[in-house]
Amino acid sequence: MTDMHFLAPANPPEKVSLEGLEDKWAKNWDDAGVFAFDRTADKANIYSIDTPPPTVSGSLHVGHVFSYTHTDVVARFQRMCGKEVYYPMGWDDNGLPTERRVQNYFGVRCDPTLPYTENFVPPFEGGDNKSSKAADQLPISRRNFIELCEKLTAEDEKQFEALWRRLGVSVDWKQTYQTISPDAVAVSQKAFLNNLARGEAYQSMAPTLWDVTFRTAVAQAELEDREQPSAYHRLGFNGPDGKIFIETTRPELLPACVALVAHPDDERYQPLFGKTVRTPLFDVEVPVVAHRLASQEKGSGIAMICTFGDVTDVIWWRELDLPNRAIIGWDGRLISEAPEAITSEKGKEVFAELAGKTTFSAKQRIVELLQESGDMVGEPKPITHPVKFFEKGDKPLEIVSTRQWYIRNGGRDESLRDELIAKGKNLAFHPDFMRVRYENWVNGLTGDWLISRQRFFGVPIPVWYALDADGNPDYDRVLTPSHDLLPVDPSSQTPAGYTEDQRGKANGFIGEVDIMDTWATSSLTPQLAGGWIADPEKFAKVFPFDLRPQGQDIIRTWLFSTLLRSHQEHGELPWTNAAISGWILDPDRKKMSKSKGNVVVPAEPIDNHGADAVRYWAASARLGTDAAFDEGMMKIGRRLAIKLLNASKFALSFEPSDKNAKVTEAIDQSLLLNLAEVVNEATKAFQSYDHTKALEVAEQFFWNFTDNYLELVKERAYGHGEYTSAEQSSAALALRKALHTMLRLFAPFLPFATDEVWAWWQNTGSIHRAAWPTAEELLEGLDGSNIALLELSKEALFGLRKAKSDAQVSMKANVESATLVSPATVLTELRKLEADFKAVGKIETLNFEEGEEFAVKDVVLAPAEEV
RNA sequence: GGUCGUAUGGCGCAGCGGUAGCGCACUUCCUUGACAUGGAAGGGGUCACUGGUUCGAUCCCAGUUACGACCACCA
């Protein structure tokens, strides 16, 4: 191998600086297509990344910068290893966050009954993110609403892209997708139809967790428990032998009571099992039943079962085969019709009074009535207890019986669950223990995945239903489109064999109005990013993906659902590796979140410290580990980047005087021998997704290089004094070789500074397409026995510096004489350093002496006047 | 209540079966011709607690405590 490319003259600028490097190199990379994916590459040679599509519904924060840096570092490493990296970017512009944001930003809300308005101008633009009252929002058609969604998300996407470019995320910007695009809708619908055809998707009329604000069903994965104030109300039921007292936090559900329940082993209530009691106020006869989920300790040990107060009610209702007397409507208010079971005049009267009230008002009123009638004992007893909320909602969830679509996820099928657990074992989680979160979630599933949402902005469920002779939908006759027609909107398109005028008519059809859960589309990011429908040839090359980077909080949603869909659709894992980033905490180690108001806008640290510095901070945190927002760390990163520029400029200022330069000197060989080990360590670390280790070893070597080696050999590299041309050339060449390798080791972390230096002296294009360094390229022609010398030289320098520091003189102070003491074997090595050491230490006479321990002694400084 | 993770100098983190390291901060010094956005030399920790294994534990095992996360619990 020729060393010619090391010898090329370098042209660093007069004064080096980090300023402006981001813009300069971001543009260069874009112009030269450095990160463009070459689709002609062999599948085996492609490294594909299933990028998290950021939710384009609000502002970015440093958490994005953090995790995207982790991914980018891997992408750049793989690219330098010769892989053709498929690194697309997606935008998640579906779902409630976008819908909400559009409502507030433009002051509108969607009313699907309204007609489309041409050239619609919203009431205003740029509203804040606080929720405004629905009454203040202008109702507009669904199509107008979606247009506004698209308008707003397009603006957001531009901002996101600009930030990623500044940060140096090496995405191929020609490879992007949006979850709202027609292609994404088609992918989502096709996958759903395949699920349907295979029997994995089905519809069911069932009690469903329901958000009364958004008026939509929500899925298990979207639940969140919140501690809420509540109160126990002690109510007396009329039993055969007197009053039975129960305690309830939901007295307003008394008209929906279908039974009382106690634990089978509870001796207090065993005599009542099989008998009936009558409800207070409504005088409805209900059975007393036994069930293992009833707790003897809670309340009075006997509870009323209502349709439906909580999920336990649903279990009891289902397992005990009880009647349904649901009284909560879609709007969260009590329905107008009393359940048929209420037959007494008084009961009907009471219900009529409650009808139409919110649960809150109904509760207040029924408590008054119960107290008046004497059926309630004492005052409500305040407690706090956890209540299920939709994670984005602000009212407790109700349970409402509705017809919904589900996808089988193993929640009701042990064998599928086992298959999914087994699949998870083949996925390499980084860090490995994150797999536990996945397994916990799979094992804790309580039902199938509810994917239908009663919203307007999203992917329509692509089916119609036939209407019978009376004009009622026959939900068993699901009409589906053929795949080549996708995407479809069943509310404006017709199923095959029908015409539009048959919509809603007897023997005609109706379109499904629901849309799919946002995860139903997000779970298909490998298919979206890979071009499953649009570009099957590409898809075959990039799928399964090599890497899924994501946050730990969405293992149960995004990771799980993606794995599930891939298992169903392709029978294999969607990726081989999952890299899980930790949280960003504020400097007080609290999790950053909008509600706490401690979110840092990501452009700020980049402005203040530079992209390389911010990347350094992010890359210093290991996968799966939370990290504090730490500007101190960014300063260190900035210092490293600046040092890299300066040290490079200095090292490159030395040119080998010998055209056939060889690294001949022992200390120069030692440098490269040590660097070869660093290369091996860094490579190994990267291969096991331990980027912090790779950075650490490179950084440690680099500082030793500048602080010690460079100091030690610079006199020789200058060619000062008695050095021969070969000796001078050895140093100069070693410096260049080391730099050539170190720059590449740093390239994934500090892409701007490293490409800047690379461009000073290499004509080979971007460093980010240069080959990842190998130990072999460094080791050629070296004598391995010299390896320890670098460390020895460091020790010797420390000793000398300490002597000068103790004497409080400049490091440049002349020394008349000094003695190096060391064991005999080491002494032989140290003698090889004599000339360099004398030169750097300005030592007149250097003595060597044999001794037990290494030391620098007898340092005699020259009189100050002679300096 | 279950599971997982974390616990190392003031702060942020490495580490490892053989009596502790790095960076920041701190102290002192050096305005050296790559870099004052710099450099050098220092001080500072009984590695959360209690047991066990071992010749020897910060590192392995068991338990405890604290913190974080996820899940479960909603009468």
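Proteins come first, then strands; the chains are lettered A, B, ... in the order of their sequence lines, and each starts at number 1. The basis for the numbers below is simple: all heavy atoms, side chains too, and nothing from hydrogens, waters or symmetry mates.
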Engineer: What's the shortest heavy-atom distance between A:A698 and A:L745, and which atoms?
Structural biologist: CB-CB, 4.1 Å
Engineer: Using atom P of each nucleotide, how far apart are B:rA48 and B:rA57 to the nearest Å?
Structural biologist: 15 Å
Engineer: Say we look at B:rC11 and B:rU65: how far apart would their C1' atoms be, to the nearest angstrom?
Structural biologist: 23 Å
Engineer: By nearest atom, which of the nucleotides B:rC24, B:rA41, B:rA34 is closest to the A:R639 side chain?
Structural biologist: B:rC24
Engineer: What's the gap between B:rC30 and B:rC13 when it is taken at their P atoms, as a whole Å value?
Structural biologist: 36 Å
Engineer: Answer yes or no: does a side-chain N or O of A:S805 lie under 4.0 Å from OP1 or OP2 of B:rC29?
Structural biologist: no
Engineer: Over 60° means perpendicular and under 30° means parallel, so classify the ring planes of A:F560 and A:Y438, tilted if in between.
Structural biologist: tilted
Engineer: For B:rC71, does OP1 or OP2 lie under 4.0 Å from any side-chain N or O of A:Y438?
Structural biologist: no
Engineer: Considering only the P atoms, how many Å lie between B:rG23 and B:rU50, rounded to the nearest integer?
Structural biologist: 31 Å
Engineer: Distance check: side-chain N/O of A:R622 vs OP1/OP2 of B:rU6, anything under 4.0 Å?
Structural biologist: no
Engineer: Report yes if a donor N or O on one partner sits less than 3.5 Å from an acceptor N or O on the other, where the partners are the side chain of A:E711 and the base of B:rA34; otherwise report no.
Structural biologist: yes
Engineer: Could you go through A:R716 and A:Q728, starting from their C-alpha distance and side-chain angles, then the distance that decides it, and tell me whether this counts as side-chain hydrogen bond (donor to acceptor under 3.5 Å, both in side chains)?
Structural biologist: CA-CA 5 Å; A:R716 178 154 54 89; A:Q728 186 277 335; over 6 Å; no
Engineer: Testing the basics here: between A:T69 and A:A619, what is the closest heavy-atom pair and its distance to 0.1 Å?
Structural biologist: CG2-N, 4.3 Å
Engineer: Using heavy-atom distances to pick each residue's nearest nucleotide on RNA chain B, tell me which of A:S295 and A:K804 is more 5'.
Structural biologist: A:K804
Engineer: Start at the 5' end of RNA chain B and walk down; is the nucleotide closest to A:L223 or to A:N646 reached first?
Structural biologist: A:N646
Engineer: Output the single nucleotide from B:rG39, B:rA14, B:rC74 whose closest atom is nearest the side chain of A:E696.
Structural biologist: B:rA14
Engineer: May I ask you to evaluate whether A:K298 reaches the phosphate of B:rC73, defined as a side-chain N or O under 4.0 Å from OP1 or OP2?
Structural biologist: no
Engineer: Quick one: the side chain of A:N440 and the base of B:rC4, do they pair up donor-acceptor inside 3.5 Å?
Structural biologist: no
Engineer: Of the nucleotides B:rC24, B:rA69, B:rA41, which has the atom closest to the A:R437 side chain?
Structural biologist: B:rA69
Engineer: What interatomic distance, in whole Å, is found between C1' of B:rC35 and the corresponding atom of B:rA40?
Structural biologist: 15 Å
Engineer: Any idea which of B:rC70, B:rU37, B:rA41 is nearest the A:K802 side chain?
Structural biologist: B:rA41
Engineer: Among the nucleotides B:rA69, B:rA34, B:rG39, which one has an atom lying closest to any side-chain atom of A:W583?
Structural biologist: B:rA69
Engineer: Give me the stems containing RNA chain B, sorted by first residue, counting only three or more consecutive Watson-Crick or G-U pairs with both distances under 3.5 Å; say none if there aren't any.
Structural biologist: B:1-7 with B:65-71, B:10-13 with B:21-24, B:26-30 with B:38-42, B:48-52 with B:60-64
Engineer: Below 30° counts as parallel, above 60° as perpendicular, anything between as tilted: where do the rings of A:W761 and A:W758 land?
Structural biologist: perpendicular
Engineer: Give the minimum heavy-atom separation between A:L712 and A:S793, together with the two atoms involved.
Structural biologist: CD2-CB, 3.5 Å
Engineer: Say we look at B:rC22 and B:rA62: how far apart would their P atoms be, to the nearest angstrom?
Structural biologist: 32 Å
Engineer: Can you label the angle between the A:H720 ring and the A:Y718 ring as parallel, tilted or perpendicular, going by 30° and 60°?
Structural biologist: parallel
Engineer: Taking only the P atom of each, what is the distance from B:rG2 to B:rA72 in whole angstrom?
Structural biologist: 16 Å
Engineer: A:D630 has a side chain; which of B:rG12, B:rU37, B:rC73 sits nearest to it?
Structural biologist: B:rG12
Engineer: State whether A:F429 and A:R435 meet the cation-pi test: NZ (Lys) or CZ (Arg) under 6.0 Å from the six-membered ring centroid, and within 45° of the perpendicular axis.
Structural biologist: no
